[in-house]
Protein chains: 2
Amino acid sequence: MGSRNTRERVLAAAGRLFRLQGYAGTGLKQIVSESGAPYGSIYHFFPNGKEQLAHEVIRTSGPEYGRLVLMLLNSRADPLAALEFAFRQAAEDLAGTDYADACPIATIALEVANTSETLRVATAEVFADWVDGATAWFGRFVPGDEQAKMLAFAMISMLEGAFVLSRAARSTDPLLAAGKAIVDLTGNVMRQSNVSGRP
Amino acid sequence: MGSRNTRERVLAAAGRLFRLQGYAGTGLKQIVSESGAPYGSIYHFFPNGKEQLAHEVIRTSGPEYGRLVLMLLNSRADPLAALEFAFRQAAEDLAGTDYADACPIATIALEVANTSETLRVATAEVFADWVDGATAWFGRFVPGDEQAKMLAFAMISMLEGAFVLSRAARSTDPLLAAGKAIVDLTGNVMRQSNVSGRP
DNA sequence: GTCTATAGTTCGATAGAC
DNA sequence: GTCTATCGAACTATAGAC
């Protein structure tokens, strides 16, 4: 049966459209139209309608994007080179997709923060997992969980914020500046911990 | 005549609702309902309808928020204390308004980045003005326009991104961590420029 | 079980009463 | 000029044919 296939095509189309137009700005008709599925499929696979569909988009594309970023970070042995590479890659992906492929859940997160408790919690859990993963990654290079967590918050906030500015300006400058900033910040934290005292 | 008054009440209600629910998620009927204005007032004051209304919201609340942040930064002589104060104040404002009062145009910016060229350009211009203002502010403490501009991008990106995470988690932790990060980063840049060479 | 047709509501926008 | 009533087109959700 193409069931499983249809379900995933609907999810993929919904994810793409939510990223591009937001949650409220995307209609179910447009989703089935783009995925080539009949309208009834939505309520067959997602009985709770649009909210359940968005919930599954958040819980699939969110962790998926987190794994992608971690993979970029782990592709370089030097942490500073890895950070620089990850942000440059994010910038190239963004510019190469007509400034569409940024964070898959940020627009939804802002839209639903005060309108749907269910979806807000789902986005919060995704971000929390990202912070945990990034904290573990930074923990390999800086001592102390507080400093690693601070760098994790800084990196993710910087990435999310730079996505807002870069998409608005249709320029990779904010993302590249954000990459330089997190590289500088991380380098300074590493340097401070390697040197025990001051001359 | 209460005309001018009605127009501003509509603008205020629209700004409030766009921040809380986004652009696509807010209906014109809800805006006139909350502002107490008759429905026809929208098309009387904003002949181009919803898009023109959003355009004016962006071009009024955007610069207004930029001035607020610059005022917070200028309220302390020490730049690091000023940065720490501004981010702490943003965190308190957010928590004190049920996590509603974050950036007035970020949600709209993400929603319209690929759907309305007119509104995208409007948000881009607001962000560009913020970056210019912040670059001038940082320029008072670090030498070189490139470094000041990098810090300006970093500060604004960090603020915007931390707003996303803090609103989703209903926690001020991301904003406070972002504040600590930009303080550290700025302090390091200032220190590096005060010391001419390395031993 | 898969899909179509449609109900019921709300949207942005406008015509026309006053 | 100010406002009300309503339009046509979306929307989400569902009932029911096949």
Side-chain angles (χ1 to χ4, degrees), chain A residues 1-58 107-108 111-112 114-120 122, chain B residues 1-58 107-108 111-112 114-120 122:
Chain A
M1 319 95 213
S3 304
R4 186 68 179 278
N5 227 314
T6 299
R7 195 189 132 94
E8 309 226 337
R9 278 211 321 278
V10 170
L11 271 176
R16 206 167 47 236
L17 291 168
F18 288 162
R19 249 186 330 196
L20 216 65
Q21 312 175 334
Y23 173 66
T26 301
L28 294 182
K29 296 212 171 135
Q30 194 181 3
I31 292 172
V32 296
S33 161
E34 286 223 5
S35 62
Y39 189 78
S41 292
I42 295 223
Y43 287 89
H44 175 69
F45 293 113
F46 312 96
N48 276 61
K50 193 182 188 182
E51 195 172 43
Q52 182 184 352
L53 177 56
H55 193 270
E56 301 217 13
V57 164
I58 292 167
T107 311
I108 308 179
E111 285 183 278
V112 305
N114 294 66
T115 57
S116 164
E117 187 63 7
T118 304
L119 297 183
R120 177 194 71 76
Chain B
M1 313 95 215
S3 303
R4 186 69 179 276
N5 226 315
T6 298
R7 195 190 133 94
E8 309 226 335
R9 277 210 321 278
V10 170
L11 271 177
R16 207 166 46 235
L17 291 169
F18 288 162
R19 250 186 331 198
L20 217 65
Q21 312 175 334
Y23 173 67
T26 301
L28 295 182
K29 300 217 170 131
Q30 192 181 3
I31 292 173
V32 296
S33 161
E34 286 223 6
S35 63
Y39 189 77
S41 291
I42 295 223
Y43 287 89
H44 175 69
F45 293 114
F46 312 97
N48 276 59
K50 193 182 188 182
E51 196 172 44
Q52 182 185 352
L53 177 55
H55 193 269
E56 301 217 12
V57 165
I58 293 167
T107 311
I108 308 179
E111 287 182 277
V112 305
N114 294 67
T115 57
S116 163
E117 187 64 6
T118 304
L119 297 183
R120 178 194 72 76

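Chain letters run A, B, ... following the sequence lines, proteins first, then strands; residues in each count from 1.
Rounded to a whole Å, the CD1 atom of Ile31(A) is 10 Å from the P atom of dC11(D). A straight line from CZ of Phe46(A) to P of dT2(C) spans 13 Å, rounded to a whole angstrom. The nearest whole Å value for the distance from the CG atom in Asn5(A) to the C1' atom in dT2(C) is 16 Å. Rounded to an integer number of Å, the gap from Leu53(B) CG to dA13(C) P is 10 Å. One interatomic measurement links the two molecules: CD1 of Ile42(A) to C1' of dT6(C), which rounds to 17 Å at whole-angstrom precision. Here dA17(C) presents its P atom at 20 Å from NE2 of His44(B), a figure rounded to the nearest Å.
The terminal axes of the helix from dG1(C)-dC18(D) to dC18(C)-dG1(D), fitted over 5 pairs per end, subtend an angle of 20° to the nearest 10°.
Residues passing the side-chain hydrogen bond (donor to acceptor under 3.5 Å, both in side chains) test with Ser116(B), sequence neighbours excluded: Glu51(B).
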Atom pairs and distances, side-chain donor-acceptor, residues 32-41 of chain A, under 3.5 Å, sequence neighbours left out:
from     : atom 1 : to       : atom 2 : distance (Å)
Glu34(A) : OE1    : Arg16(A) : NH2    : 3.3
Ser35(A) : OG     : Ile31(A) : O      : 2.9
Ser35(A) : OG     : Val32(A) : O      : 3.3
Ser41(A) : OG     : Pro38(A) : O      : 3.4

Just distance, no hydrogens or angles: give the donor-acceptor pairs under 3.5 Å from side chains in residues 17-26 of chain B, sequence neighbours left out.
from     : atom 1 : to       : atom 2 : distance (Å)
Gln21(B) : OE1    : Thr26(B) : OG1    : 3.2
Thr26(B) : OG1    : Leu17(B) : O      : 3.3
Thr26(B) : OG1    : Gly22(B) : O      : 2.8

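The shortest heavy-atom contact between Gly15(A) and Val57(A) is CA-CG1, 3.8 Å. Summarising the geometry of Val112(B) relative to Arg120(B), their closest heavy-atom pair is CG2-N, 3.8 Å, with the distance given to 0.1 Å.
Residues Phe45(B) and Thr6(B) meet the side-chain proximity criterion, which asks for heavy atoms closer than 4.5 Å. A 4.5 Å side-chain heavy-atom check between Arg7(A) and Phe46(A) finds at least one atom pair inside the cut-off.
Taken from CD in Glu8(B) to CG in Leu11(B), the straight-line distance is 7.0 Å, to the nearest 0.5 Å. In this structure, CD1 on Ile108(B) lies 7.0 Å from CD on Glu111(B), to the nearest 0.5 angstrom.
Applying a 4.0 Å cut-off to non-hydrogen atoms, none of the residues of residues 14-26 of chain B approaches DNA chain D.
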At a cut-off of 3.5 Å, list every protein nitrogen or oxygen paired with a nitrogen or oxygen from nucleotides 13-15 of chain D, distance to 0.1 Å.
from    : atom 1 : to       : atom 2 : distance (Å)
dA13(D) : OP2    : Tyr43(A) : OH     : 2.5
dA13(D) : OP2    : Lys50(A) : N      : 3.2
dA13(D) : O5'    : Tyr43(A) : OH     : 3.0
dA13(D) : N7     : Tyr39(A) : OH     : 2.8

For this session: Check step by step if side chain to side chain contact (heavy atoms under 4.5 Å, CB included) holds for Ile58(B) and His55(B).
Result: CA-CA 5 Å; Ile58(B) 293 167; His55(B) 193 269; 5.7 Å; no

